[in-house]
Amino acid sequence: QVQLAESGGGSVQAGGSLRLSCTVSRWTSGCVAWFRVVPDKARDGKAAINTGDGSTVYADSVKGRFTISQDDASHTVHLQMSNLEPEDSGMYYCAADFIGRRWFEQTSWRYWGQGTQVTVSS
C-alpha cells in the first residue's frame with residue numbers, strides 16, 4: 001500500500017502562482033502524476049514525472065506554465081504552477097504506481113491522494 005498526501009492548494013488571482021506538493025510513502029513504479037478534476041468531469045492528467053530518471057511529460061494546456069519536479073530525500077513531488085488561469089481551478093490530486101497505457105488517464109494509476117483545492121479568480 002502507498003499513501004500520498006497533497007498540500008499547497010489555495011486561492012489566487014489570475015496570473016498568480018502556486019506550488020503543490022505530494023509526499024509519497026514510497027516510490028513504486030517510479031512515476032507520479034498530477035491530475036485535476038472539476039465537477040461532472042473525469043480527472044485529467046496535467047503532468048507526470050519518472051522519479052527514476054527525472055523525465056517529465058505535460059498536458060498541452062499547461063506546457064510552459066507548470067513544472068513538475070521531485071525531491072528524493074523527502075519522497076515529494078512538486079507541481080509549480082505559474083501564470084494561472086481561472087480554467088486551472090479545480091481539485092488537484094497526485095497519483096502513483098503507473099499501471100496503464102496512457103499517463104493522462106485516471107485508470108492508469110493505482111494510488112491516489114485526497115486532493116487539494118486550487119481556485120483561480122479572474
Can you tell me how far apart [atom1] ([X]) and [atom2] ([Y]) are? Round to the nearest 0.5 Å.
| X | Y | atom1 | atom2 | result |
| --- | --- | --- | --- | --- |
| Ile99 | Thr107 | CD1 | OG1 | 8.0 Å |
| Gln70 | Ile49 | CD | CD1 | 4.0 Å |
| Ser7 | Leu20 | OG | CG | 8.0 Å |
| Ile68 | Ser55 | CD1 | OG | 10.0 Å |
| Cys31 | Asp53 | SG | CG | 8.0 Å |
| Gln3 | His75 | CD | NE2 | 13.0 Å |

Q) Any side-chain donor-acceptor pair under 3.5 Å between Asn83 and Glu85? A)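 Side chains of Asn83 and Glu85: no pair found under 3.5 Å.
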Which atom names give the shortest non-hydrogen contact between [X] and [Y], and what distance separates them?
| X | Y | value |
| --- | --- | --- |
| Asp71 | Ala73 | OD1-N, 3.1 Å |
| Gln106 | Phe35 | N-CE2, 3.6 Å |
| Ala48 | Trp103 | CB-CE3, 3.8 Å |

Between [X] (side chain) and [Y] (backbone), is there a donor-acceptor pair under 3.5 Å?
| X | Y | value |
| --- | --- | --- |
| Arg65 | Met81 | no |
| Glu6 | Cys94 | yes |
| Ser108 | Arg102 | yes |

Q: Taking ring-ring contact (aromatic ring centres under 6.0 Å, His included) as the test, write out the residues that go with His78, two or more places apart.
A: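 By the ring-ring contact (aromatic ring centres under 6.0 Å, His included) rule, His78 matches no residue at all.
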Q: Assess whether atom CD of Gln13 is packed by more than 12 heavy atoms of other residues, nucleotides or ligands within 6.0 Å.
A: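 Open.
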Q.
Could you tell me if the side chain of Leu4 sits less than 4.5 Å from the side chain of Tyr93, heavy atoms only?
A.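 They are not in side-chain contact.
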Table please: side-chain donor-acceptor pairs of residues 114-122 below 3.5 Å, with sequence neighbours left out.
unit_1 : atom_1 : unit_2 : atom_2 : d
Thr116 : OG1    : Gly9   : N      : 3.1
Gln117 : NE2    : Gly90  : O      : 3.4
Ser121 : OG     : Val12  : O      : 3.4

(Q) For the aromatic rings, using the six-membered ring if either is Trp, is the centroid distance between Trp109 and Phe98 under 6.0 Å? (A)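 Yes, close enough.
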Q.
Ring-plane angle category for Phe66 and Tyr92, please: parallel below 30°, perpendicular beyond 60°, tilted otherwise.
A.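 Judged by the thresholds at 30° and 60°, the geometry between Phe66 and Tyr92 is tilted.
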Q. Run the side chain to side chain contact (heavy atoms under 4.5 Å, CB included) check on Val57 and Phe104 step by step: do they pass?
A. CA-CA 10 Å; Val57 62; Phe104 48 86; over 6 Å; no
Q: Report the C-alpha distance between Gln80 and Ser17 in whole Å, list the side-chain angles of each, state the deciding distance to 0.1 Å, and finish with yes or no for side chain to side chain contact (heavy atoms under 4.5 Å, CB included).
A: CA-CA 7 Å; Gln80 178 67 46; Ser17 299; 4.0 Å; yes
